[in-house]
Number of protein chains: 2
Amino acid sequence: MTKKTTIYDIAKRLNITAATVSRALNNNAKISVATRKLVLQTAKEMNYEQNKLALALKSGKSYNVGVIVPRIDSNFFASVIRGIEEELYPKGYHVIICQTHDQQNLEIENINSLLNAQVDGVLMSISNSEIENNDSFNKLIKKHVPLIFFDRKKSISGVSSVTIDDFKGAYEATKHLIDQGYKRIAHLSNDRSLQIFKNRYLGYKQAIIDNGLEFDESLVIETMSKVAEGRKTTKIFLDMDRRPDAIFSSSDFTALGAIEEIKAHGLKIPEDISVVGFSNEPFTKFMELSITSVDQSPIEMGRIAAQVFLEEVNNSKKVKSEKHIVLTPQLIVRKSSQRLTQLV
Amino acid sequence: MTKKTTIYDIAKRLNITAATVSRALNNNAKISVATRKLVLQTAKEMNYEQNKLALALKSGKSYNVGVIVPRIDSNFFASVIRGIEEELYPKGYHVIICQTHDQQNLEIENINSLLNAQVDGVLMSISNSEIENNDSFNKLIKKHVPLIFFDRKKSISGVSSVTIDDFKGAYEATKHLIDQGYKRIAHLSNDRSLQIFKNRYLGYKQAIIDNGLEFDESLVIETMSKVAEGRKTTKIFLDMDRRPDAIFSSSDFTALGAIEEIKAHGLKIPEDISVVGFSNEPFTKFMELSITSVDQSPIEMGRIAAQVFLEEVNNSKKVKSEKHIVLTPQLIVRKSSQRLTQLV
DNA sequence: CTGTTAGCGCATTCAT
DNA sequence: ATGAATGCGCTAACAG
């Protein structure tokens, strides 16, 4: 009972050959209806289950895909992964999840060990783009293992990506603040060597300029996506001679830190200062003072990334081409920025 | 360049045999220092990488373990998984994550497809225990695939588990409320066919009884772990003739719903009514009115579950034995229940 | 110390 | 329509 039954076992039982069993099971080649039926039936009787490992060795496909993210315990990435799984499971694929914790070496290690595990593809959100990590990517490309970036991408020839229009998200968030009457809008930025943060910065800047406000570079400070960092940086803003009357943060976590700091200073939100975050993490909705944020439709992003992977893995014959899908973000207005609500 | 190099390639280059190469690479048997060095060096030159699939087929080990959880986009489960990965990655294992979304059929399907993928073990938190799903579990046991439960377990002979002492966590949470002077403490319960929720209920009940308060079954209502459900159920409490002055919730999400509903009724927290949750989800700390909750040390739980798996997978020879590890939860007191703070 | 042989489980030529 | 033979890449048993 402990030994698994193979196609040989069922072949022996039926006095036929393993090849025939294989054919019957895969209802591939021409085979007599009678034997197919017989094989299928006894296969069920003997609790036969295909050994995917053997199949993988034979076919070179493991039906595993690797997903690399900075971290898993953030709602955004967890939701993207959920989208990927929803799309891939029905097709028989499994998902192997790796975290980089924003460490460059782990990113490389993860790629290597996924390659080692013979994954059929890699979907990833890069951690940082300062150090050149192209060797790992080239390895994937050389081996024809489809690589798809989502959210945090890098521009590499032949590599597809699914992102959101961060520029637009930031532009609209900033425009929303301007529409609410705020004049001096600061920006809590983040590592701008990453395109997403760079684009959020640019969208913010453009909205400021397009609407006739003064763009002041000193109102842009780069920090890390942590609550405590958000507090620290916000303190700098609040201590300015001409302090800002609104903050557009590129992260919900720093937005939260900003709110804490503002309250600690005895200022009111959104009357004195307004705050807008980015990502629509669940807590932004849960807070008593709910936080306006930009939704990135992470589940959809995951599903689409998975679809792109499926296309690439199936179109092996055709000429390679890269595909860049850009989703439209959605501003979710909540209490932290709704100055005019009562007036309407 | 696209073809991967195998041990045969490097054997040919060196005019030795593949077996020798294999030995050198695994620095196993006795082998001359010279050839080993030579093999290692040319292996590096030729960019050799072991094909784990072949190894898996040969050894019967895939170095993949399956992790099954109700959902991934909850901080608790994401953190447990993180703990599992931290422990398993250094040992060369990969983690395949499956979600059940609390659906029984998905639980069964996931086990089957993990089995199909030849995983070396399954770590899981069961979704519900109403329907008997023992066939799937028996399959695992028959095939000697280690199965370890974490958090949400089922009592099955030979299966180890890592849980927290939910009874104690609930007892202390309730005791804390009693110590703060609350007299009429309600309990927002959850599906008690799951041991964790049953034990939280029992801990609550025992604390009430031990401290000379009246245990009133009508103050216990079972609901689902969602914010909206928490609100609905809390409304029932608030509409009672003798309404409770405190609520111990078996979930942070229902606790949050309770808080919303209480505020909507114009009551003050914790002065009028106090609220305590369970799980220490991040938002409980983030809220302006931070929520007292019970921490379950999820990362530690994941690490230990992984360790138990490693023990089982390595001690194949010895007699099987089950191991039950129970972690001690920790009450984190925050604003939602600290009535006496100002007095101290 | 190293070569030979064989097999893990399967799918796929080439025969028949 | 089916059988025989082969190889995917690796390790282990048995010789030498």
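Every chain is numbered from 1 and lettered A, B, ... according to where its sequence line falls, protein lines coming before strand lines.
- The only member of E312(A), H324(A), E322(A) that meets side chain to side chain donor-acceptor pair (under 3.5 Å) when paired with S160(A) is E312(A).
- Base contact: I7(B) has a heavy atom under 4.0 Å from a base atom.
- In this structure, the nucleotide among dC10(D), dT4(C), dA11(C) sitting nearest to the side chain of Y8(B) is dC10(D).
- Ring geometry, H94(B) versus Y89(B): the interplanar angle exceeds 60°, so the pair is classed perpendicular (tilted spans 30 to 60°).
- An OP1 or OP2 oxygen of dT2(D) is reached within less than 4.0 angstrom by a side-chain nitrogen or oxygen of S32(A).
- Note: CG (L14(B)) to P (dG3(C)) measures 10 Å, nearest angstrom.
- In the set dT11(D), dT12(C), dT2(C), the nucleotide with an atom closest to the side chain of R23(B) is dT2(C).
- The rotation axes computed at either terminus of the helix from dC1(C)-dG16(D) to dT16(C)-dA1(D) lie 40° apart, taking five pairs at each end and rounding to 10 degrees.
- Listed candidates were dT11(D), dT2(C), dA11(C). Nearest to the side chain of T35(B) is dT2(C).
- The interatomic distance linking I10(A) (CD1) with dG9(C) (C1') rounds to 13 Å, in whole Å.
- A heavy atom lying under 4.0 Å from DNA chain D marks none of the residues of residues 109-121 of chain A.
- For the pair Y48(B) and dC10(D), the criterion of a side-chain N or O lying under 4.0 Å from OP1 or OP2 is met.
- At distances below 3.5 Å, not a single donor-acceptor pair connects side-chain atoms of S161(A) with backbone N or O atoms of F149(A).
- If you measure from atom CZ of R36(B) to atom C1' of dT2(C), you get 13 Å, rounded to the nearest angstrom.
- Of the candidate nucleotides dG9(D), dT2(D), dC10(C), dT2(D) has the atom lying nearest to any side-chain atom of T20(A).
- Look at R303(B) and E86(B) and you find a salt bridge, because one of the NZ, NE, NH1 or NH2 atoms lies within 4.0 Å of a carboxylate O, short of that distance.
- With respect to the salt-bridge test (charged N to carboxylate O, under 4.0 angstrom), the residues R71(B) and D102(B) qualify.
- Residue S22(A) is classed as a base contact, given a heavy-atom separation below 4.0 Å to a base.
- Of all the residues in residues 50-62 of chain A, Q50(A), N51(A), A54(A), L55(A), K58(A) reach under 4.0 Å from DNA chain C with at least one non-hydrogen atom.
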